[in-house]
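Throughout, protein chains are lettered first and strands after them, A, B, ... in sequence-line order, and every chain is numbered starting at 1.
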Amino acid sequence: MENREIAQMLAETADLMEIAGEDPFRIRSYRNGAAAIEAYPERIEEVLRNPNKKVTDIPGIGKGLAAVLEEIVRRGSFERRDELLARYPPTALELLKIQGLGPKSIAMIWEHFRVSTVDGLERLCREHKLQTLPRMGAKLEEKVLRSIAQYRQSAGRFLLHFAEQTAQDLSAYLGQVAGVERITPAGSLRRGKETVGDLDLLVTGPGAAAALEAFVHYPRVQQVLSRGENKASAKVGLEGLQVDLRALPRESFGAALQYFSGSKEHNIALRNRALRLGYSLNEYGLFRLGADGKATHERVAGETEEEIYERLGLDWIPPELRENQGEIEAAERHALPKLVTLADIRGDLHMHTTETDGRATLEEMAKQCRELGYQYLAITDHSKALAMANGLDEKRVTEFAARVRRLDGELGIRVFSGIECDIRRDGSMDLADDALAELDFVIASVHSHMNLEVSEMTDRLLRAVECRYVRALGHPTGRVLLHRDGYPFDFEQVARAAARHKVALEINASPERLDLHAPLIRLARSLGCKFVISTDAHHPKHLLHMRFGVSMARRGWLTAADVWNTLPVEEFEKVIRWR
DNA sequence: GCCGTTTTCGGCCCGACTGTTTTCAGTCG
């Protein structure tokens with residue numbers, strides 16, 4: 001079993017314990033344990049098997065959880081979890097994802113109505129039965145109905161990094177099949193879309209058929225949906241991500257890659273273009289049209305994507321741009337932007353340490369940044385409004401900045417002192433000016449009061465952007481993927497102000513946020529904004545999420561020149577010290 | 001349940017908001 005799945009089992013049990021009203025500190029231990037295991041670089045199964053190692057050496061794992069881990073690995077569950085699942089149906093966990101309902105309410109709803117599903121909950125709200133329970137009223141019913149609608153929208157989709165991980169695991173497994181030449185992800189994963197509905201994998205080589213056979217016997221397959229000569233589909237993993245694996249002949253690999261990468265809108269436009277030029281395009285290749293207007297068997301392209309685009313009079317279009325948002329016209333004019341790449345990134349400008357809610361020290365984070373080949377980083381812990389994260393007050397800011405200055409240069413990498421400063425409800429900064437003035441890089445972020453009126457939220461963000469110490473606006477929309485929409489505000493107005501005040505908009509690379517997204521990036525760029533791409537890392541391994549932020553930037557048509565943290569350190573320093 | 005230890009049990013992040021109350025429980029971050 002994968003660490004991620006073990007962690008999920010512990011976290012779910014913690015949720016169930018919360019519904020059962022158990023000791024909150026014990027629940028927290030389960031959550032801590034889950035986080036520790038998820039972040040642990042080595043497979044827990046291996047650690048348990050190795051007599052020279054102890055799982056209790058992992059911080060957060062003691063005797064109790066060690067026994068639980070052993071039981072999970074041995075039989076796929078553990079006693080406490082089984083007991084709780086006998087008391088509460090597993091669907092009750094789903095209700096926790098409905099905003100406005102917590103464990104106490106879910107327990108009460110279950111006790112009173114024996115309702116534990118989203119559908120059942122919706123009925124209770126519509127029939128105004130929820131408000132018969134203590135402390136629940138009409139407003140809550142409305143809120144829950146809204147949350148249910150939002151929840152349904154995101155159901156069945158998966159975060160980009162989860163889909164990527166599944167693709168990598170599967171590729172490693174299928175790569176061992178003899179005669180497999182290459183395995184390539186297509187679909188929205190290849191386009192770098194922030195969420196993925198299902199995973200398309202293409203496999204070529206003489207062993208492609210054998211790969212299909214191996215795929216349906218992949219140990220993590222939960223359910224085989226279909227199995228043909230050229231394609232197999234299955235639900236993979238406990239999470240049930242649908243994977244479609246297609247075996248392809250080499251001569252049509254490019255056509256299939258193009259076809260299955262999408263987007264649908266891009267492909268429709270491309271096929272229309274092919275028709276106008278006297279071709280027919282499908283997943284097997286680009287074929288010449290006959291005198292009758294029907295496709296002949298004369299294949300003029302198909303082995304690579306490049307030759308297909310070329311035949312259609314287009315430069316090759318990077319997958320991230322394939323949304324039929326002007327990329328075909330630009331490719332025709334040879335005017336596609338030279339998109340920013342991961343290799344362009346020279347620093348990471350948003351991360352947390354053990355000083356607040358991060359899991360590694362400032363030295364550990366800096367070392368990891370150096371290993372990634374960066375020239376610089378900014379340490380940006382939370383400010384005091386985020387009490388739950390042990391945010392820094394003015395005194396600690398000053399002390400911490402001094403520590404950062406001492407460290408700067410010592411590890412062979414520039415370390416800038418920074419803060420992720422909360423924007424208070426009225427738009428003022430959570431820290432006094434003289435504290436902010438000590439820092440090199442101030443990110444202003446909203447973490448509270450997210451349900452203000454549009455005008456109030458807009459004014460709040462405008463005031464933050466106007467603050468002379470602020471250099472970047474952190475995760476500007478506040479969205480959390482599959483969980484919460486961004487707060488409403490006049491983005492255009494704020495972006496204009498950011499451009500005017502030389503405040504960069506952050507593209508937050510954390511897989512749960514990926515905020516900003518493509519349409520807003522393009523809009524902001526057109527208004528003259530600059531950007532930073534940062535990971536918001538709370539652990540050294542989160543620093544590797546930079547690639548997701550770069551994908552978002554590419555989807556937003558950005559070049560290296562649009563992104564501050566592609567600058568060499570001397571130039572970057574000039575940019576942040578301009579006032 | 002973990003941790004650190006004044007080695008055997010006490011402490012473990014908490015403030016603000018919301019909707020429901022009429023003094024606060026539950027939720028959120």
Expressed in angstrom and rounded to an integer, what is the separation of [X] atom [atom1] from [N] atom [atom2]?
X: A/R28; N: B/dG11; atom1: CZ; atom2: C1'; result: 10 Å
X: A/D15; N: B/dT27; atom1: CG; atom2: P; result: 12 Å
X: A/I106; N: B/dC28; atom1: CD1; atom2: P; result: 9 Å
X: A/H352; N: B/dG29; atom1: NE2; atom2: P; result: 16 Å
X: A/I61; N: B/dG1; atom1: CD1; atom2: C1'; result: 10 Å
X: A/Y487; N: B/dG29; atom1: OH; atom2: P; result: 12 Å
X: A/K104; N: B/dT18; atom1: NZ; atom2: C1'; result: 17 Å
X: A/L386; N: B/dA16; atom1: CG; atom2: C1'; result: 12 Å

For [X], report the nucleic acid contact type (base, sugar-phosphate, nothing); a contact means any heavy atom under 4.0 Å.
X: A/G100; answer: sugar-phosphate
X: A/N32; answer: nothing
X: A/A138; answer: sugar-phosphate
X: A/I27; answer: nothing
X: A/R80; answer: sugar-phosphate
X: A/K143; answer: nothing
X: A/P103; answer: sugar-phosphate
X: A/P59; answer: sugar-phosphate

Nearest-angstrom distance, [atom1] atom, [N] to [M]:
N: B/dG11; M: B/dC17; atom1: P; answer: 30 Å
N: B/dG1; M: B/dT8; atom1: C1'; answer: 15 Å
N: B/dG15; M: B/dC9; atom1: C1'; answer: 29 Å
N: B/dA16; M: B/dT20; atom1: P; answer: 22 Å
N: B/dT22; M: B/dC28; atom1: P; answer: 23 Å
N: B/dC12; M: B/dG19; atom1: C1'; answer: 30 Å

Using 30° and 60° as the class boundaries, would you call the ring planes of [X] and [Y] parallel, tilted or perpendicular?
X: A/Y376; Y: A/F572; result: parallel
X: A/H539; Y: A/H542; result: tilted
X: A/H545; Y: A/H161; result: perpendicular

* Whichever of A/L65 and A/N390 has its nearest DNA chain B nucleotide further upstream toward 5' ->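 It is A/L65, whose closest nucleotide lies nearer the 5' terminus.
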* Asked: Of A/Y30 and A/I98, whose nearest nucleotide on DNA chain B comes first from the 5' end?
  -> A/Y30
* Asked: Should A/S105 be listed as having a side-chain N or O under 4.0 Å from OP1 or OP2 of B/dT27?
  -> yes
* To do: May I ask you to evaluate whether A/R26 reaches the phosphate of B/dC12, defined as a side-chain N or O under 4.0 Å from OP1 or OP2?
  => no
From the list [options], which nucleotide is the closest neighbour of the side chain of [X]?
X: A/N451; options: B/dT18, B/dG15, B/dG26; value: B/dT18
X: A/D23; options: B/dG15, B/dG1, B/dT20; value: B/dG1
X: A/H449; options: B/dC17, B/dG19, B/dC2; value: B/dC17

* **Check: B/dC24 base within 3.5 Å donor-acceptor of A/R135 side chain** =>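 Between B/dC24 and A/R135, which were checked side chain against base, a qualifying N/O pair under 3.5 Å is present.
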* Asked: Judged by modelled atom types alone, do A/D490 and A/T458 share a side-chain donor-acceptor pair under 3.5 Å?
  ->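 Result is no, nothing qualifies.
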* Asked: Quick one: do the A/Q8 and A/E12 side chains pair a donor with an acceptor below 3.5 Å?
  -> yes
* Asked: Looking at A/H475, A/R471, A/H350, which hits side chain to side chain donor-acceptor pair (under 3.5 Å) with A/E506?
  ->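 One option only clears the test, and that one is A/H350.
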* Structure fact -> The Watson-Crick or G-U wobble partner of B/dT8, with both key distances under 3.5 Å, is none
* Are A/E410 and A/E363 close enough that some pair of their side-chain heavy atoms sits under 4.5 Å apart? ->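 Result no, sub-4.5 Å side-chain heavy-atom pair not found.
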* **Anti/syn call for B/dT7, syn if |chi| within 90°** => syn
